[in-house]
Undergrad: 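Let me begin by handing over the structure; questions about it come next.
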Amino acid sequence: QELETIDGDLIIQTNENLNEIGSLNALNKIGGKVNFHNNRQLRGTSNFESLSSVGQSISIVGNPRLVTIEGFDNIKQINGQIQIWSNRGLQEISGFQNLEMITNNLDINDNGGFTHLDAFKSLVDVGWSIKLNNNNNLASTAGLANVTKIGKSLEISGNKSIEKIEGFQLVEEIPEFLIINGNENLKKVESLEKLNSCGNLYVFSNNSLNSLIFNGLSTVKYQLSILSNPELTSLDGFSNLAVIGYGLAINSNTQLADFC
């Protein structure tokens, strides 16, 4: 008889020679968390095609030869976070096609060759934050086009291949932080057209940024900082901004010629 339910956690961790996960095709429920951590030879996460319920988080961290993340297409809600960190060989994330809700964070940080986020095309509601940091080959965020709610923050930092921020066009509020930092080839931030209210907005050290459009933004509750974006020439994209609750800092944007 094949395993169908794990009431607690599934932990697959520090297995030096494990290169694939088999014999879990019938598993449909995990009551706790799922961790794939520090498996040096692991190549993929297939064989979870029947899995439809995870009680807590999915964490995939420190698997240097992991090429694909797949097999989670029947999961519609994660009651926790998705954490994908430090998988240097990662080429493809394809396993979350029907995921609609994450109650905590979507945290994708310091991964290898994957280029897009199309696996999250059904994602609507993120209870806490979306963090996309230091993914050197990530070129498109368009896969997050259906995200409507971000409960806390959005951070896009240190992604060398992104040339424009895409997706997020349905998001109306980011209550805590919107941070766009250190994306050296980023040229355009134009897709957050419905964003009306933001807690703090920080745009800094984007060396190629020349277009910054937030025409729907009327309120920044605390701090607005635009710093060290040497190609930025205009702030016309803030035409409807009416309220900044705390402070405004516009510093070291060497080509900025038009303030308002």
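Predicted model, so just to flag it, every value in this text is computed and none were measured.
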Undergrad: Does V171 form a side-chain contact (heavy atoms from CB on, under 4.5 Å) with V147? I'd like the steps, not just the answer.
TA: CA-CA 7 Å; V171 176; V147 172; 4.1 Å; yes
Undergrad: Tell me whether L10 is reachable from L66 by hopping between hydrophobic residues (I, L, V, M, F, W, Y) whose side-chain heavy atoms are closer than 4.5 Å.
TA: yes
Undergrad: Please walk me through it: do N210 and K188 pass side-chain contact (heavy atoms from CB on, under 4.5 Å)?
TA: CA-CA 6 Å; N210 57 43; K188 299 180 184 295; 4.3 Å; yes
Undergrad: Quick check for you: to the nearest 0.5 Å, what is the distance between M101 atom CE and L123 atom CG?
TA: 10.0 Å
Undergrad: Do you reckon L256 sits in the same ILVMFWY cluster as L241, going by side-chain contacts under 4.5 Å, direct or chained?
TA: yes
Undergrad: In Å and rounded to the nearest 0.5 Å, what is the OG to CD1 distance from S53 to I30?
TA: 9.0 Å
Undergrad: Starting at CD1 of I84, measure out to CD1 of I60 and round the result to the nearest 0.5 Å.
TA: 5.0 Å
Undergrad: Would you please test E176 and K221 for salt bridge (Lys or Arg N to Asp or Glu O under 4.0 Å) and show each step?
TA: CA-CA 9 Å; E176 294 191 2; K221 296 177 183 178; over 6 Å; no
Undergrad: Quick check: is L227 connected to F214 through a chain of hydrophobic side chains (ILVMFWY, heavy atoms under 4.5 Å apart)?
TA: no
Undergrad: Does atom NZ of K187 have more than 12 heavy-atom neighbours from other groups under 6.0 Å away?
TA: yes
Undergrad: When you compare the side chains of E190 and S211, does any donor N or O come within less than 3.5 Å of an acceptor on the partner?
TA: yes
Undergrad: Please answer: with hydrophobic residues joined when any side-chain heavy atoms are less than 4.5 Å apart, are V34 and I6 in the same cluster?
TA: yes
Undergrad: L178 vs Y202, test: side-chain contact (heavy atoms from CB on, under 4.5 Å). Steps then yes/no.
TA: CA-CA 6 Å; L178 171 55; Y202 295 101; over 6 Å; no
Undergrad: For residues S225 and Q223, is any side-chain donor paired with an opposing acceptor at under 3.5 Å?
TA: yes
Undergrad: Test L99 against every option in I78, V124, N74 by the side chain to side chain contact (heavy atoms under 4.5 Å, CB included) rule and name the one that passes.
TA: I78
Undergrad: Quick one: do I250 and L201 end up in the same hydrophobic cluster if we chain Ile, Leu, Val, Met, Phe, Trp and Tyr together by side-chain heavy atoms under 4.5 Å apart?
TA: yes
Undergrad: Looking only at side-chain N and O atoms, does E92 offer a donor or acceptor that is under 3.5 Å from a partner on S94?
TA: no
Undergrad: Which of these, Q13, K33, Q81, H37, sits in a side-chain hydrogen bond (donor to acceptor under 3.5 Å, both in side chains) with S59?
TA: H37
Undergrad: Could you tell me whether the side chains of S191 and Q169 share a donor-acceptor contact shorter than 3.5 Å?
TA: no
Undergrad: Side chains of N253 and N229: do they bring a donor and an acceptor to under 3.5 Å?
TA: yes
Undergrad: Hey, are N240 and N215 close enough side-chain-wise for a donor-acceptor pair under 3.5 Å?
TA: no
Undergrad: Which residue, I156, N185, I180, forms the side chain to side chain contact (heavy atoms under 4.5 Å, CB included) with I162?
TA: I156
Undergrad: Which class fits the ring pair F48 and F36: parallel under 30°, tilted 30 to 60°, perpendicular over 60°?
TA: perpendicular
Undergrad: Decide, yes or no, whether a salt bridge links K194 with E172 under the criterion of side-chain N to carboxylate O below 4.0 Å.
TA: no
Undergrad: Does a donor on one side chain sit under 3.5 Å from an acceptor on the other, for E100 and N98?
TA: no
Undergrad: With a 3.5 Å cut-off and no angle check, do the side chains of W85 and N111 form a donor-acceptor pair?
TA: no
Undergrad: Under the side-chain contact (heavy atoms from CB on, under 4.5 Å) criterion, do N28 and T5 qualify, and how do the steps go?
TA: CA-CA 6 Å; N28 60 63; T5 301; 4.1 Å; yes
Undergrad: Atom CG in N206, atom OG in S208: separation rounded to 0.5 Å?
TA: 8.5 Å
Undergrad: State whether a side-chain donor-acceptor pair under 3.5 Å links N109 with N133.
TA: no
